Amino acid sequence: MSVMLDILIPTYNRPAALAVTLTSLIAQTFKDFRVIISDQTENFNVADIKEVQSPVRVVQAHGHEVQILKHLPRRGLAEQRQFLLDQATAPYVLFSDDDLIFEAQGVEMMFKSLREENVGFVGSAVVGLSYLNDIRPHQQAVELWEGPVQPEVVLPESPAWERHKLHNAANLYHVAQRLGATFEQPIKYKVAWVGGCTMYDVAKLREVGGFSFWRDLPTEHCGEDVLAQLRVMARFGGFGLMPTGAYHQELPTTVPNREVDAPKVLR
């Protein structure tokens with residue numbers, strides 16, 4: 001089945017969170033997508049878990065193909081993302097973490113905005129609403145795109161690197177409310193990177209090598225999504241959107257060892 005968007009979800013030992021993520025895809029106003037899940041859980045198959053099977057069936061009943069692929073051994077998140085990218089046949093992909101909750105208009109907003117700008121990626125930074133009352137004005141600086149999105153070179157420790165603070169806690173939620181951003185009229189802004197929920201033009205992502213740099217990293221690493229985005233942004237441009245279309249379930253990380261940070265090791 002030919003679709004415009006493949007939603008790619010790497011998962012590890014989080015069947016309940018994955019079920020919630022899948023459930024939030026059911027009511028998406030954007031309809032032309034397929035879901036591909038890479039399961040690296042070692043002790044069981046997420047496809048066998050009832051809580052996952054039920055939303056999968058509903059997503060399928062809405063006309064979307066869902067594939068759950070077992071992918072072992074674990075060689076790190078960069079390799080898992082490359083594996084998912086290799087499965088994609090759509091012209092666009094949305095990399096989603098396995099512990100998100102999507103707004104009904106979130107995917108459509110990202111897709112339309114990316115097509116409009118014709119750049120490498122667009123991100124919806126995920127917000128943790130447990131921080132709703134944690135107001136941090138010192139982390140809410142934002143640089144808006146006033147004209148067309150352009151390629152940018154962003155490096156660790158550069159002034160532009162500080163943009164990542166906007167994605168802490170619920171900062172983006174507060175700024176979006178203050179600026180009056182809506183799903184019908186989203187606001188585009190400059191980013192260092194966007195974690196958890198990023199949509200790419202597949203050809204542009206593949207042109208910079210995708211996540212093939214996994215071979216240059218140890219199995220335990222972090223920042224693989226950041227490095228891919230930096231390379232895409234330098235060549236083709238990328239941007240963030242507010243309001244966000246995705247929220248974090250705020251579970252503990254499955255990557256506790258963060259000593260090897262891909263953009264700093266392979267910069």
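Atom set for the values below is all heavy atoms of this structure, side chains included, hydrogens, waters and symmetry mates excluded. Remember, it's a predicted structure, so these values are computed and weren't measured experimentally. Position 1 is the first residue of the sequence; numbering continues from there.
Closest non-hydrogen pair, Leu266 versus Arg231, comes out as O-NH2, 3.7 Å. Nearest approach of Ala262 to Leu217, heavy atoms of both residues: CB-CD1, 4.0 Å. Taking every heavy atom of both residues into account, Pro151 and Ala234 meet most closely at CB-O, 3.5 Å. The two atoms that bring Val191 and Gly240 nearest to each other are CG1-N, 3.5 Å, heavy atoms only. Residues Leu172 and Ala125 approach most closely at CD2-CB, 3.8 Å, considering heavy atoms. Closest non-hydrogen pair, Ala104 versus Gln28, comes out as O-OE1, 3.0 Å.
Looking at Asp97 and Arg81, a side-chain N of the basic residue comes within less than 4.0 Å of a carboxylate O on the acidic one, giving a salt bridge. In summary, Glu152 and Arg163 engage in a salt bridge, as defined by a charged side-chain N under 4.0 Å from a carboxylate O. Glu116 has no carboxylate O lying under 4.0 Å from a charged side-chain N of Lys112, or vice versa, which leaves the two without a salt bridge.
Between the CD1 atom in Ile9 and the CD1 atom in Ile37 there is a gap of 5.0 Å [rounded to 0.5 Å]. Atom OG of Ser38 and atom CZ of Arg74 lie 10.5 Å apart (nearest 0.5 Å). Note: Trp145 CH2 to Ile187 CD1 = 15.5 Å, rounded to the nearest 0.5 Å. Once rounded to the nearest 0.5 Å, the distance linking CD1 of Ile26 with CG of Leu22 reads 8.0 Å. Distance check: Ser24 OG to Ile101 CD1 gives 7.0 Å after rounding to the nearest 0.5 Å. A distance of 8.0 Å separates CD1 in Ile7 from CZ in Phe30, rounded to the nearest 0.5 Å.
A donor-acceptor pair under 3.5 Å is formed between the side chain of Gln249 and the backbone N or O of Ala17. Using modelled atom types, one side-chain atom of His221 and one backbone atom of Ala78 make a donor-acceptor pair closer than 3.5 Å. Listed for the Thr23 side chain is a donor-acceptor partner under 3.5 Å among the backbone atoms of Ala19. Side-chain atoms of Gln40 come within 3.5 Å of backbone N or O of His71 as a donor-acceptor pair. Under a 3.5 Å cut-off, the side chain of Glu224 and the backbone N or O of Trp214 do not form any donor-acceptor pair. Checked by atom type and distance alone, the side chain of His167 never pairs as donor or acceptor with a backbone atom of Ala192 at under 3.5 Å. Using a distance-only test at 3.5 Å, with no hydrogens or angles considered, no donor-acceptor pair links the side chain of Asp6 to the main chain of Ala88. The backbone N or O of Met110 lies less than 3.5 Å from no partner atom in the side chain of Ser113, so there is not a single donor-acceptor pair. Side-chain atoms of Thr41 never come within 3.5 Å of backbone atoms of Phe44 as a donor-acceptor pair (strictly under, hydrogens ignored). The backbone N or O of Asp98 sits less than 3.5 Å from a side-chain atom of Thr21, completing a donor-acceptor pair.
The aromatic ring centroids of Tyr200 and Phe236 lie 6.0 Å or more from each other.
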### Task
Mind running side chain to side chain contact (heavy atoms under 4.5 Å, CB included) on Tyr189 and Phe239 for me, showing each step along the way?
CA-CA 6 Å; Tyr189 66 96; Phe239 63 102; over 6 Å; no

### Query
What do the steps show when you test Glu51 against Gln53 for side chain to side chain donor-acceptor pair (under 3.5 Å), and what is the final call?
CA-CA 6 Å; Glu51 290 90 337; Gln53 291 175 347; over 6 Å; no

### Message
Please evaluate residues Val194 and Phe95 with respect to the criterion side chain to side chain contact (heavy atoms under 4.5 Å, CB included), reporting the C-alpha separation (whole Å), side-chain torsions for both, the decisive distance (0.1 Å), and the verdict.
### Response
CA-CA 11 Å; Val194 184; Phe95 273 98; over 6 Å; no

### side chain to side chain donor-acceptor pair (under 3.5 Å) assessment of Gln82 paired with Ser212
CA-CA 6 Å; Gln82 184 61 44; Ser212 60; 5.1 Å; no

### Message
Checking Leu241 against Lys188 for the side chain to side chain contact (heavy atoms under 4.5 Å, CB included) test, could you report, in this order, the C-alpha distance in whole Å, the side-chain angles of both residues, the deciding distance, and whether it holds?
### Response
CA-CA 5 Å; Leu241 281 179; Lys188 300 165 186 173; 3.7 Å; yes

#### Entry: Val58 and Gln60: CA distance, side-chain angles, deciding distance, side chain to side chain contact (heavy atoms under 4.5 Å, CB included) verdict
CA-CA 5 Å; Val58 180; Gln60 290 172 331; over 6 Å; no

### Task
Check the pair Thr29, Glu108 against side chain to side chain donor-acceptor pair (under 3.5 Å), reporting the backbone distance first and the verdict last.
CA-CA 6 Å; Thr29 55; Glu108 182 176 16; 2.4 Å; yes

### Query
Step by step, would you call Asn171 with Lys165 a side chain to side chain donor-acceptor pair (under 3.5 Å)?
CA-CA 8 Å; Asn171 291 330; Lys165 295 178 180 177; over 6 Å; no

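Side-chain contact between Tyr12 and Asp39 is absent, with no heavy-atom pair separated by less than 4.5 Å. Within the 4.5 Å cutoff, the side chain of Leu129 has heavy atoms near those of the Tyr173 side chain. Within the 4.5 Å cutoff, no side-chain heavy atoms of Leu94 are placed close to those of Thr198. Residues Leu205 and Phe121 form no side-chain contact, since every pair of their non-hydrogen atoms from C-beta on lies 4.5 Å or further apart. With contacts defined as side-chain heavy-atom distances shorter than 4.5 Å, the pair Val35/Gln67 does not qualify. Between Leu166 and Val175, some side-chain heavy-atom pair lies under the 4.5 Å cut-off. For the pair Val153 and Leu155, the minimum side-chain heavy-atom distance is below 4.5 Å. Counting heavy atoms from C-beta on, the side chains of Gln105 and Glu184 come closer than 4.5 Å.
Crowding of Phe183 atom CZ: a count of heavy atoms from other residues, nucleotides or ligands under 6.0 Å exceeding 12. Within 6.0 Å of CD in Glu42 there are more than 12 heavy atoms belonging to other residues, nucleotides or ligands.
Both Trp161 and Val232 belong to a single network of hydrophobic side chains, linked directly or stepwise wherever heavy atoms of I, L, V, M, F, W or Y lie under 4.5 Å apart. Under the 4.5 Å side-chain contact rule for hydrophobic residues, Val126 and Val93 do not share a cluster. Residues Leu5 and Val66 share a single hydrophobic cluster, defined by chaining ILVMFWY side chains whose heavy atoms lie under 4.5 Å apart. The cluster map of Ile, Leu, Val, Met, Phe, Trp and Tyr, joined by side-chain heavy atoms under 4.5 Å apart, puts Val122 and Val208 in different clusters. Hydrophobic clustering of Ile, Leu, Val, Met, Phe, Trp and Tyr side chains at less than 4.5 Å, counting indirect connections, unites Val226 with Val154.
When Val3, Val59, Leu8 are each tested for a side-chain contact (heavy atoms from CB on, under 4.5 Å) with Arg34, only one passes: Val3.
For Glu103 and Tyr247, the side-chain atoms include at least one donor-acceptor pair closer than 3.5 Å.
Between Phe211 and Phe213, the ring planes lie tilted relative to each other; the angle falls in the 30° to 60° range.
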